Amino acid sequence: MKYLIVQKWKNTEKNHAGMYHLCNLMLKENPGVYKVIAVPDLDFTFKNIFIKKIYHVLIRIFLFFLYLLISFKLIFLIKKGDKIILFEYLTPGIRQDIISGLVHFFASKKCKVFCIVHLTPRKLSLTYSKRTIQKRIGFVDGVITLGSSLKVYLESIVDKPIVTLKHYADLRFYNLKEREFGKVLNVLIIGQQERDYQRLIEFISSNSYVNYHIVSSNIAIVNTLKCFDYVSCYMSVEEEELFQIMNKCEVSLNFMYDVVGSNVISTCISLGIVSLVSDVGSIRDYLSENDTLFCKTYSDFSHNLKIIDANRTLLSELRKHLIEKRYLLSFKLFEIDLNKFISSI
């Protein structure tokens with residue numbers, strides 16, 4: 001049996017490129033091979049700061065005992081040859097290392113434990129000391145990353161088998177539609193992690209000749225940008241509505257400090273949305289000069305947007321090459337590569 005331990009985030013549990021959806025896809029296709037254990041997202045927003053602090057303390061205590069319960073349940077259930085995969089390892093506040101540590105101590109001879117790390121090298125270095133990373137990864141038998149830059153970073157810290165896989169997207173949901181480009185470009189802005197919001201706001205306020213569609217739960221950003229009549233803001237949307245928003249956008253705009261594979265990248269590839277993107281991190285694992293406009297400076301973004309706005313033939317060519325990559329992101333390929341790695345350890 002392969003036990004998949006995954007976080008059930010409230011804002012992404014229905015996302016067709018998220019880890020929770022991936023686990024359920026794998027379970028549905030192979031019910032006798034996998035068992036999914038989902039940890040609930042208990043985070044809530046409180047206006048009262050005192051109540052918020054008390055609540056977060058109580059939640060940490062509750063989750064600690066929940067991870068203990070999951071750990072001992074696994075130790076009781078696992079048989080020789082079983083495998084455990086932890087899907088949000090080293091994510092702040094998600095103590096999956098409690099599970100890996102206890103299983104390592106009590107059942108390492110029966111079971112192999114693997115983890116998927118999502119954070120960028122920059123975020124990891126800002127969040128944890130190298131000693132903490134070494135200790136927590138020391139409990140697992142192998143590490144899966146979704147970007148080569150993260151693989152290189154972790155290899156400089158830990159001595160464990162590490163592999164880089166491509167982030168998946170459920171192509172049955174993100175089905176391609178024929179697209180005709182309108183007179184005014186529609187530019188998508190989505191994603192929360194490692195975004196340079198200061199540059200983004202400056203850029204949008206200075207480039208008003210396209211329409212921007214911003215999907216964000218960041219209230220400060222939405223309040224800043226919603227005053228522009230060429231900006232549409234969406235704070236809380238269901239998957240179907242998000243799909244409709246993405247399908248009317250030709251271009252994705254991404255000011256980023258760092259990046260590994262993510263559901264934003266994989267869904268944009270799946271739908272043929274051409275990216276104007278910071279040339280950082282592992283972005284070239286997924287995109288290339290044939291299908292993307294890479295930007296190293298702020299002026300590169302301005303220059304490339306003008307080029308793509310004026311040349312729809314170029315936009316069509318970039319989109320064509322991008323669409324050719326979409327089948328490399330199928331969940332089935334991800335599952336095959338994942339099983340190949342965990343079977344080799």
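Bear in mind the structure is a predicted one, so any value in this text is a computation, not a measurement. We're numbering straight along the sequence, starting at 1.
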At their closest point, which heavy atom of Ile245 faces which heavy atom of Cys249, and how far apart are they?
O-SG, 3.4 Å
Verify same cluster id: Leu338, Ile345 (apolar side-chain graph, 4.5 Å):
yes
Is it the case that the side chain of Tyr128 and the backbone of Leu90 share a donor-acceptor pair, with hydrogens and angles ignored and the cut-off at 3.5 Å?
yes
Please examine the side chains of Leu305 and Ile308, heavy atoms only from C-beta on, and report whether any two atoms are closer than 4.5 Å.
yes
All N/O donor-acceptor pairs, side-chain side in residues 26-33, below 3.5 Å, sequence neighbours left out:
from, atom 1, to, atom 2, distance (Å)
Asn30, ND2, Glu335, OE2, 3.0

Residue pairs meeting salt bridge (Lys or Arg N to Asp or Glu O under 4.0 Å), one or both in residues 149-162, sequence neighbours left out, come to Lys151-Glu155
Roughly how far, to the nearest 0.5 Å, is CD1 of Ile85 from CZ of Phe341?
10.0 Å
With sequence neighbours excluded, residues passing side-chain hydrogen bond (donor to acceptor under 3.5 Å, both in side chains) with Ser278
none
Is a side-chain N or O of His321 found less than 3.5 angstrom from the main chain of Arg319, in a donor-acceptor match?
no
Could I get the full list of side-chain contact (heavy atoms from CB on, under 4.5 Å) partners for Lys53, not counting sequence neighbours?
Ile49
How would you list, by chain and number, every residue that makes a side-chain hydrogen bond (donor to acceptor under 3.5 Å, both in side chains) with Arg95, sequence neighbours excluded?
Asp97
Please determine, by modelled atom types, if Ser302 and Asp300 share a side-chain donor-acceptor pair under 3.5 angstrom.
no
In this structure, would Leu329 and Val277 fall into the same cluster of hydrophobic residues linked by side-chain contacts under 4.5 Å?
yes
Ignoring hydrogens and geometry, is there a side-chain-to-backbone donor-acceptor pair from Ser270 to Ala169 under 3.5 Å?
no
Side chain proximity check, Pro121 to Asp258, heavy atoms < 4.5 angstrom
yes
What's the spacing between Ile99 CD1 and Tyr89 OH if we round to 0.5 Å?
9.0 Å
Using 0.5 Å steps for rounding, measure from the OH atom of Tyr298 to the CG atom of Leu200.
9.5 Å
Consider only side-chain heavy atoms of I, L, V, M, F, W and Y, link residues closer than 4.5 Å, and tell whether Phe114 and Val163 are in one cluster.
yes
Pairs flagged by side-chain hydrogen bond (donor to acceptor under 3.5 Å, both in side chains) wherever residues 58-73 is involved - sequence neighbours left out:
none
Stepwise side chain to side chain contact (heavy atoms under 4.5 Å, CB included) check, Ile190 with Ile214:
CA-CA 6 Å; Ile190 188 171; Ile214 301 173; over 6 Å; no
Heavy atoms, side chains only, cut-off 4.5 Å: are Asp291 and Val274 in contact?
no
Shortest non-hydrogen contact between Ser252 and Asn254, atoms and distance
OG-ND2, 3.0 Å
Pick from Ile84, Asn339, Asp82: which one makes a side chain to side chain contact (heavy atoms under 4.5 Å, CB included) with Lys2?
Asn339
Would you find a donor on one side and an acceptor on the other, under 3.5 Å apart, between the side chain of Lys110 and the backbone of Ile78?
yes
Going by atom type alone, with no hydrogens or angles, which donor-acceptor pairs under 3.5 Å involve a side-chain atom of residues 311-318 and a protein atom two or more places apart or on another chain?
from, atom 1, to, atom 2, distance (Å)
Asn311, OD1, Thr313, N, 3.2
Asn311, OD1, Leu314, N, 3.0
Arg312, NE, Asp309, O, 3.1
Arg312, NH1, Gly182, O, 2.5
Arg312, NH2, Lys183, O, 3.1
Arg312, NH2, Asp309, OD1, 3.3
Ser316, OG, Arg312, O, 3.0

Please tell me whether Tyr174 and Ser266 have a donor and an acceptor in their side chains that are separated by less than 3.5 angstrom.
no
Could you give the distance from CD1 (Ile336) to NZ (Lys332), rounded to the nearest 0.5 Å?
6.5 Å
Is it the case that over 12 heavy atoms from other parts of the model lie below 6.0 angstrom from the CD atom of Gln193?
no
Here the side-chain hydrogen bond (donor to acceptor under 3.5 Å, both in side chains) pairs for residues 218-227, sequence neighbours left out, are Asn223-Lys226
Quick check: are there more than 12 heavy atoms from other residues, nucleotides or ligands sitting under 6.0 Å from NZ of Lys83?
yes
Test your reading of the model: is there a side-chain donor-acceptor pair from Thr267 to the backbone of Val264, 3.5 Å cut-off?
yes
Counting only N and O atoms by type, is there a donor-acceptor contact under 3.5 Å from the side chain of Asp141 to the main-chain atoms of Val113?
yes
Looking just at side-chain N and O atoms, do His21 and Asp170 make a donor-acceptor pair shorter than 3.5 Å?
yes
If you count every heavy atom of other residues, nucleotides or ligands that lies below 6.0 Å from Ile219 atom CD1, does the total exceed 12?
no
Quick test of your reading of the model: are Arg284 and Glu289 salt-bridged, counting only N-O distances below 4.0 Å?
yes
Which atom pair, heavy atoms only, marks the closest approach of Leu271 to Asn175?
CD2-O, 3.9 Å
Sub-3.5 Å donor-acceptor pair from the side chain of Lys325 to the main-chain atoms of Tyr286, do we have one?
yes
Go through the structure and list residues passing salt bridge (charged side-chain N to carboxylate O under 4.0 Å, His left out) with Asp285, not counting sequence neighbours.
none
Measure the shortest side-chain to side-chain distance between Leu188 and Met246 over non-hydrogen atoms and say whether it is less than 4.5 angstrom.
yes
For Thr292 and Ser275, which I'm curious about, is there any donor-acceptor pair between the side chains at under 3.5 Å?
no
Could you check whether Asp41 pairs with Lys8 (Lys NZ or Arg NE/NH1/NH2 to Asp/Glu carboxylate O, under 4.0 Å)?
no
Could I get the full list of side-chain contact (heavy atoms from CB on, under 4.5 Å) partners for Ser205, not counting sequence neighbours?
Phe228
Side-chain donor-acceptor pair present, His118, Glu88, cut-off under 3.5 Å:
no
Any residue meeting side-chain contact (heavy atoms from CB on, under 4.5 Å) with Ser232, in chain and number order, not counting sequence neighbours
His213, Tyr234
Using modelled atom types only, decide if a donor and an acceptor are shared between the side chain of Tyr168 and the backbone of Gly18 within a distance under 3.5 Å.
yes
Considering only residues two or more places apart or on different chains, which pairs with a residue in residues 184-204 satisfy salt bridge (Lys or Arg N to Asp or Glu O under 4.0 Å)?
Arg122-Glu194
Minimum side-chain heavy-atom gap Leu253-Phe301 below 4.5 Å:
yes
Indicate the atoms forming the closest heavy-atom contact of Val6 with Cys23, along with that distance.
CB-SG, 3.8 Å
Less than 4.5 Å apart, any side-chain heavy atom of Ile133 and any of Tyr153?
yes
For the hydrophobic clusters of this structure (ILVMFWY residues joined by side-chain heavy atoms under 4.5 Å, transitively), does one cluster hold both Ile189 and Met235?
no
Closer than 3.5 angstrom, by distance alone: can the side chain of Thr91 be matched with the main-chain N or O of Ile94 as a donor-acceptor pair?
no
Compare all side-chain heavy atoms of Ile70 with those of Val39 and state whether any distance is below 4.5 angstrom.
yes
Side-chain touch Ser262/Leu146, heavy atoms, less than 4.5 angstrom:
no
Indicate yes or no for a side-chain donor-acceptor contact from Tyr230 to the backbone of Ile204 under 3.5 Å, with no hydrogens or angles considered.
yes
